[in-house]
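Here is the naming used below: chain letters follow the sequence lines, and residue numbers restart at 1 for every chain.
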Number of protein chains: 2
Amino acid sequence: MRTVTLDDVARRAGVSRATASRALNGSNRTVGAALRESVERAAAELGYEPNLPAQALARSAGNVVGLVVHDLADPYFAVIADAVTRAADRRGLVVMVGATGRDPEREIAYVAALRAQRVRAVLLVGSRTTGTSRRLRDEVDRYRGTGGRVACVGQDLLGVPTVAPANHEGARALAHALAGLGHRRFAILGGPPELITARERTSGFRDGLAEQGLPEPVVVAGAFDRDGGHAAAASLDLSAVSCLFAVNDVMAVGAVAALRERGIDVPGTLAVAGFDDIPSLRDLVPALTTVRLPLADMGERALELALDETAVSVQVPAEVILRDSTRRD
Amino acid sequence: MRTVTLDDVARRAGVSRATASRALNGSNRTVGAALRESVERAAAELGYEPNLPAQALARSAGNVVGLVVHDLADPYFAVIADAVTRAADRRGLVVMVGATGRDPEREIAYVAALRAQRVRAVLLVGSRTTGTSRRLRDEVDRYRGTGGRVACVGQDLLGVPTVAPANHEGARALAHALAGLGHRRFAILGGPPELITARERTSGFRDGLAEQGLPEPVVVAGAFDRDGGHAAAASLDLSAVSCLFAVNDVMAVGAVAALRERGIDVPGTLAVAGFDDIPSLRDLVPALTTVRLPLADMGERALELALDETAVSVQVPAEVILRDSTRRD
DNA sequence: TCATCCTGGGAAACCGCTTTCCATGCGCGC
DNA sequence: GCGCGCATGGAAAGCGGTTTCCCAGGATGA
C-alpha cells in the first residue's frame, strides 16, 4: 500500500537517487548505458510512476492547466472544454476544470484555487460581466504576477490574450440577412443585461437593423439558457413581430418550444434565429438559422494563446447560417 | 515575479515557519492570539496563497480527483461531468478531467497519468468494453494498491464500486411499453457490439420482446453517436418494421434525421425511441420516447462511492418515458 | 610524461510545506 | 518555595523529486 518512490528504484538498481532521476526523468546529463538500463528495469519491475506534483515542485514547472467555464452541461461550454482537453492532451498537459454556475464570485474563487495549485495557465471561458470585473482582474493579475499565464474566451477586458468571437459583427450580419429575407419587425431575446456577450449580440443586431432603416426591435431580457428563452418567448407580445432573434441557440430552442406551446408556427407565423451553431442542435426541426462560431477551434486557440509568450488577442469570425427556422415560402 | 512562500510570510511576521504554517493552514496545535493575528496580516499583505501541491506532498493527502470520460462534448458525459465538478467543489476538491475519445488505450493512459498526479480518487465514466479490460484493470489495481480510490459509472467489471444504470431492465421495460402501444415488429440500432452498455440495452430490449411473444427484432450495429444513428437508419430496410429502438438518445436523434431525409414520417410511419433522456434534447420534435437515467445524480453518486471507504456498487433505476415519437393515433 | 579536459557517478542542498521533537515560561498543588 | 504539567514557540527532519557541486578515472594534447 506504500507507493514506490525514486529511492526504491535507485536502491534496487544499486545506484544513487541522482542517477535514477537522470536515467528516468530526463536531464541534460547523460547516464551510462549499463546503469541506465538497470535503472529502467528496476523502475519497470516496481511499477514506478514519478510523483508529478513533487517533480513540479522541484522543477518549479508543472504540466497542468486550469479551465474555468460557466456551465459544463451547456453544450457551448462542453464543446469548448472537450477541445481544450484534447489539445492539452496532445501537448502532454492535463486540465483541471471548474464550473462556476455563472457566479462571478466563484469564478474569482477558482482563479485563486488554480493559483494555489500552481497551474501553468488558466483559461477563462465565457462572457465577462459588466459588474464585478474589478476583483477578478486583481486576482488574475496576482496570478500573472507569479508567472501564471492566462487566456480568455469572450471579451478582452482583463488585459489578457483573448479569443473574441465576432459577436457584434455576426449579429449585425444576421440582421442584414434576415432583413434581406423580407422581415421588418423584430423582437430580440436579449439575455441578461450584465452579460457582455448578450449585449454585444443585441447591439450588433440593432445596428444591422438600423443600417437597413428598419424600426427599433423590442428587446426582452432573460436568463442566458434554455429556460430563459422559454420564459421570455412565453410572455412576449408578438403582434406585429415577424422574426425573433435569441442571442444564443439554447435560448432559441427554449423559445421555439414556448412558441409551439402557444400554437405559433415557426417559421410560418414567426421566424426564429439563434447564435452559436451548437453542433448537437443540428437536427432540430425546424433547423435553426444561426450564426456559426468555430467552438472547438476557439478552445484550442485559447490554449495556444495562454501558452504562447508572445500571444495577442484574436477575433474569430462568425458566419451566418440560414436554415429553415427563418424560411419564407 | 517570484511567488510568495510561507517563509516570506513567517519572516515578515517575525515568527518561525512552523508557527506560520500552524496559524494559516490549520493544525492540532494552537497558536497564540497575538502571533496568529500578525501572521494572518502578513499573509494578507503579501497575497500569500499556499502551494497546494507542496502541501499535499508534505501531508501526503491531496484534494484533487480525476475524471475520465469518453467524450466531453457528448451531452451524456457533459451532464455527468458537470455534476461531478459541482459535487467536488462542494467538498473542497478540484477535478482533473480527461477525454479518451472512446479509445481504451487512452483510458489506460489517463489512469496512469492520474496516478502520477497522485490524485485522491479517479472516476471512470462510460461503458466498459468487452476487449481490453485486462490492462485497464491492472492499471486500476496498481493505482488502488497505492491507496487510490476508484469508482465507475457503467458496469462493475473492474472490481471497484460502480454506479450501474439499469440498462437491461430499462430497455426491457421499454420493450413492454412499446408492445403495449401495439407495436409488433421492431428494429434496434444496437451501437458497437464491444460496448457493454450497448449490449445490455439491446439484450434487455430483446428479452422484453420475447416475454411478449413478439418476433426477433432486426439488430444493426453502428457507432454510439449521432452519426452512427444516422448512418444506421439511412441504410436500414424498414419494411415490416413499425418501431425503431436506438440504444441511446443521440443515436435516436441521428436516426430521426435520417428518416426525415428518407421521407419517412415519425411517428406516423415509424415510431422511434431512445435511451438516457438527455436533458438538452427535451425540445426535440417529435419529443423522444426514451428511458430516463438520473445523469446528474449518477455523477454525484460516483464521487461519493469513490470517496467513501465502505462503498459498494449501486444500481440506479431507469424510468420509461413515453412521448410523441412513439405516439399512435 | 604530465597537465588538462571530459565523462559519468554520488553527496547534499533545495523546492514549499508539515510535523515531530525539544525548549521555555507559566500556573498549579503541596 | 518547589517540582510538575501544560501551553506555545522554534529547530529540524521529512515528503519525493531535481540539480548543483565535487570527485575519480580515462582520453587527450603538447
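- As a whole-Å value, the separation of B/Leu57 CG from D/dA13 C1' is 14 Å.
- Here B/Ser60 lies out of heavy-atom contact (under 4.0 Å) with every strand.
- What separates CG of A/Leu6 from C1' of D/dG17 is a distance of 7 Å, to the nearest Å.
- B/Asp308 and B/Thr310 share a side-chain donor-acceptor pair at under 3.5 Å.
- A salt bridge does not link A/Asp8 with A/Arg17: every distance from a Lys NZ or Arg NE/NH1/NH2 to an Asp or Glu carboxylate oxygen is 4.0 Å or more.
- For B/Arg102, the CZ atom counts as densely surrounded, since its 6.0 Å shell holds more than 12 non-hydrogen atoms of other residues, nucleotides or ligands.
- Nucleotide D/dG16 holds its P atom 10 Å from the OH atom of A/Tyr48, rounded to whole Å.
- For DNA chain D, the neighbouring residues in residues 25-39 of chain A, judged by any heavy atom under 4.0 Å, are A/Asn25, A/Arg29.
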Please determine whether salt bridge (Lys or Arg N to Asp or Glu O under 4.0 Å) holds for the pair A/Arg115 and A/Glu139, giving the CA-CA distance in whole Å, both sets of side-chain angles, and the decisive distance to 0.1 Å. CA-CA 9 Å; A/Arg115 172 159 75 100; A/Glu139 191 57 51; 3.3 Å; yes

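- A/Gln55 has no side-chain polar atom (N or O) that falls below the 4.0 Å cut-off from OP1 or OP2 of D/dG16.
- Residues B/Met96 and B/Val119 come closest through the heavy atom pair SD-CG1, 4.3 Å.
- A heavy-atom distance below 4.0 Å to DNA chain D is reached by these residues of residues 9-22 of chain A, ordered by number: A/Arg17, A/Ala18, A/Ser21, A/Arg22.
- Distance B/Glu49 CD to C/dC17 P: 10 Å, rounded to the nearest Å.
- Between the CZ atom of B/Arg59 and the C1' atom of D/dG16 there is a distance of 17 Å, given to the nearest Å.
- When only modelled atom types and interatomic distance are considered, B/Tyr110 and A/Asp89 share a side-chain donor-acceptor pair under 3.5 Å.
- The separation between A/Asn51 atom CG and D/dG16 atom C1' is 6 Å, rounded to whole Å.
- Within the nucleic acid shown, B/Pro50 comes within 4.0 Å of sugar-phosphate atoms alone, with no base atom in reach, counting heavy atoms only.
- Crowding of A/Arg301 atom CZ: a count of heavy atoms from other residues, nucleotides or ligands under 6.0 Å not exceeding 12.
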Table please: side-chain donor-acceptor pairs of residues 35-48 of chain B below 3.5 Å, with sequence neighbours left out.
from	atom 1	to	atom 2	distance (Å)
B/Arg36	NH2	B/Ala23	O	3.1
B/Ser38	OG	B/Leu35	O	3.1
B/Glu45	OE1	B/Arg12	NH1	2.1

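- Using modelled atom types, one finds a donor on one side chain and an acceptor on the other under 3.5 Å when comparing A/Thr197 with A/Ser127.
- Between the P atom of C/dA12 and the CG atom of A/Asp7 lies a distance of 14 Å, rounded to the nearest Å.
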